[in-house]
Engineer: 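Following this message is one structure expressed as structure tokens.
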Amino acid sequence: MPLRDTLARVDADLAAGRVPVARQRLRGLVSSFPNDLTLRRRLAEVYRLYGEPAQAGRWMYLEQDRNAAETSAFEARYGTAQQRMRALAWHGPESLAPSAFAGRQLAAVRAACSEEMGHPVDWDTAPSSRKAESGGNTFAGFLARAGCLVVVLAFLAIWVNGLVALFD
């Protein structure tokens with residue numbers, strides 16, 4: 001569906017009070033056109049309707065007239081440069097940014113991420129480490145892995161028991 005038609009549907013959804021549908025359409029558009037700041041701004045406006053300042057700050061991060069509280073909420077939720085780089089979902093070099101401010105923001109996040117990782121990174125190969133997203137090895141992660149192991153072992157024990165009973 002062409003961009004213009006999808007935006008018309010977003011407007012119709014918002015007018016009808018279907019905010020979740022409008023948000024999904026805009027997320028799809030931003031995914032398809034990650035370097036379009038106008039779409040990012042529209043998505044931030046929808047997240048404001050939800051009362052989600054971190055997400056509004058995420059999608060307004062590349063705009064000079066962004067809200068400082070929303071930016072702080074975004075930076076708090078995505079605490080590392082690696083997490084911010086993935087959250088911004090930019091594609092291509094910073095030179096594709098439609099404004100100098102956006103280019104500087106992107107370059108700063110990429111440079112900070114490169115420093116964190118200890119090697120150069122770029123936007124098309126943004127790090128996708130699950131360990132970094134979860135904050136590293138946590139006790140909760142350990143419990144989740146241990147629980148999965150217990151379930152697998154229980155399944156195998158029941159299966160072996162059934163197999164032995166079948167041949168008795």
Side-chain angles (χ1 to χ4, degrees), residues 18-37 39-63 66-94 96-97 102-165:
R18 294 187 302 263
V19 178
V21 175
R23 181 192 57 135
Q24 279 306 110
R25 288 187 203 280
L26 284 168
R27 289 290 305 256
L29 285 174
V30 169
S31 178
S32 296
F33 303 99
N35 303 355
D36 188 332
L37 296 186
L39 294 175
R40 289 171 175 263
R41 180 180 290 274
R42 299 267 324 258
L43 185 54
E45 291 168 1
V46 169
Y47 274 111
R48 280 187 199 104
L49 295 174
Y50 274 110
E52 292 190 32
Q55 288 300 319
R58 172 186 182 185
W59 299 112
M60 285 293 290
Y61 197 74
L62 303 178
E63 298 283 357
R66 63 192 184 175
N67 179 298
E70 291 173 351
T71 300
S72 294
F74 165 68
E75 290 173 341
R77 179 172 295 170
Y78 299 92
T80 67
Q82 184 177 1
Q83 291 171 330
R84 287 184 198 130
M85 191 168 179
R86 285 184 37 91
L88 288 173
W90 185 263
H91 292 289
E94 291 95 12
L96 294 177
R104 286 191 304 271
Q105 287 295 107
L106 290 166
V109 170
R110 185 182 48 76
C113 186
S114 293
E115 187 175 320
E116 278 180 10
M117 300 294 294
H119 60 82
V121 296
D122 62 43
W123 288 99
D124 293 326
T125 58
S128 60
S129 168
R130 296 271 186 230
K131 184 177 177 180
E133 287 177 8
S134 67
N137 290 327
T138 63
F139 185 67
F142 169 76
L143 287 178
R145 289 187 296 277
C148 288
L149 180 62
V150 167
V151 168
V152 167
L153 291 175
F155 174 76
L156 286 174
I158 292 169
W159 183 76
V160 168
N161 188 32
L163 190 62
V164 168

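Atoms considered below: every heavy atom in the structure, side chains included; atoms not considered: hydrogens, waters and symmetry mates. Quick note: residue numbers are just sequence positions, from 1.
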Engineer: To the nearest 0.5 Å, what is the distance between CZ (Arg41) and CG (Leu26)?
Structural biologist: 13.5 Å

Engineer: Is it the case that the side chain of Arg66 and the backbone of Thr71 share a donor-acceptor pair, with hydrogens and angles ignored and the cut-off at 3.5 Å?
Structural biologist: no

Engineer: With distance as the sole criterion, is a donor-acceptor pair present between the side chains of Arg27 and Gln24 under 3.5 Å?
Structural biologist: no

Engineer: Would Arg48 and Glu70 pass as an ion pair if we require N to O under 4.0 Å?
Structural biologist: yes

Engineer: Measure the shortest side-chain to side-chain distance between Gln55 and Arg77 over non-hydrogen atoms and say whether it is less than 4.5 angstrom.
Structural biologist: yes

Engineer: Write down the atom of Ala56, the atom of Ala44, and the distance for their closest heavy-atom approach.
Structural biologist: O-CB, 3.5 Å

Engineer: What's the spacing between Leu37 CG and Arg42 CZ if we round to 0.5 Å?
Structural biologist: 14.5 Å

Engineer: Dump the intermediate steps for side chain to side chain donor-acceptor pair (under 3.5 Å) on Gln83 and Arg86, then the final yes or no.
Structural biologist: CA-CA 5 Å; Gln83 291 171 330; Arg86 285 184 37 91; over 6 Å; no

Engineer: Restricting to side chain to side chain contact (heavy atoms under 4.5 Å, CB included), what partner residues turn up for Pro20, sequence neighbours left out?
Structural biologist: Tyr50

Engineer: Heavy-atom distance under 4.5 Å between the side chains of Val109 and Trp123, does that happen here?
Structural biologist: yes

Engineer: Rounded to the nearest 0.5 Å, what's the gap from CZ on Arg58 to CG on Leu88? Could you check?
Structural biologist: 7.5 Å

Engineer: Does one side chain, of Glu45 or Trp59, offer a donor that lies under 3.5 Å from an acceptor on the other?
Structural biologist: no

Engineer: Locate the shortest heavy-atom distance separating Arg110 from Val121; write the atom from each residue and the value.
Structural biologist: CD-O, 3.2 Å

Engineer: Quick check: does any side chain N or O of Asp124 sit under 3.5 Å from a backbone N or O of His91, one acting as donor and the other as acceptor?
Structural biologist: no

Engineer: Minimum heavy-atom separation for Leu96 and Asn35, please, with both atom names.
Structural biologist: CD1-ND2, 3.6 Å

Engineer: Which heavy atom in Ala81 sits nearest to a heavy atom in Cys113, and how many Å separate them?
Structural biologist: CB-N, 3.5 Å

Engineer: Could you list the residues that satisfy side chain to side chain contact (heavy atoms under 4.5 Å, CB included) with Pro120, not counting sequence neighbours?
Structural biologist: none

Engineer: Examine distances only and state if a side-chain atom of Glu116 and a backbone atom of Gln82 form a donor-acceptor pair shorter than 3.5 Å.
Structural biologist: yes

Engineer: Does Arg40 reach the main-chain N or O of Leu62 with its side chain, forming a donor-acceptor pair under 3.5 Å?
Structural biologist: no

Engineer: If you round to the nearest 0.5 Å, how far is CG of Asn67 from OG of Ser72?
Structural biologist: 8.5 Å

Engineer: Listed by chain and number, what are the ring-ring contact (aromatic ring centres under 6.0 Å, His included) partners of Phe74, not counting sequence neighbours?
Structural biologist: Tyr61, Tyr78

Engineer: Would Val30 and Asp36 satisfy side-chain contact (heavy atoms from CB on, under 4.5 Å), going step by step from the backbone distance to the final call?
Structural biologist: CA-CA 7 Å; Val30 169; Asp36 188 332; over 6 Å; no

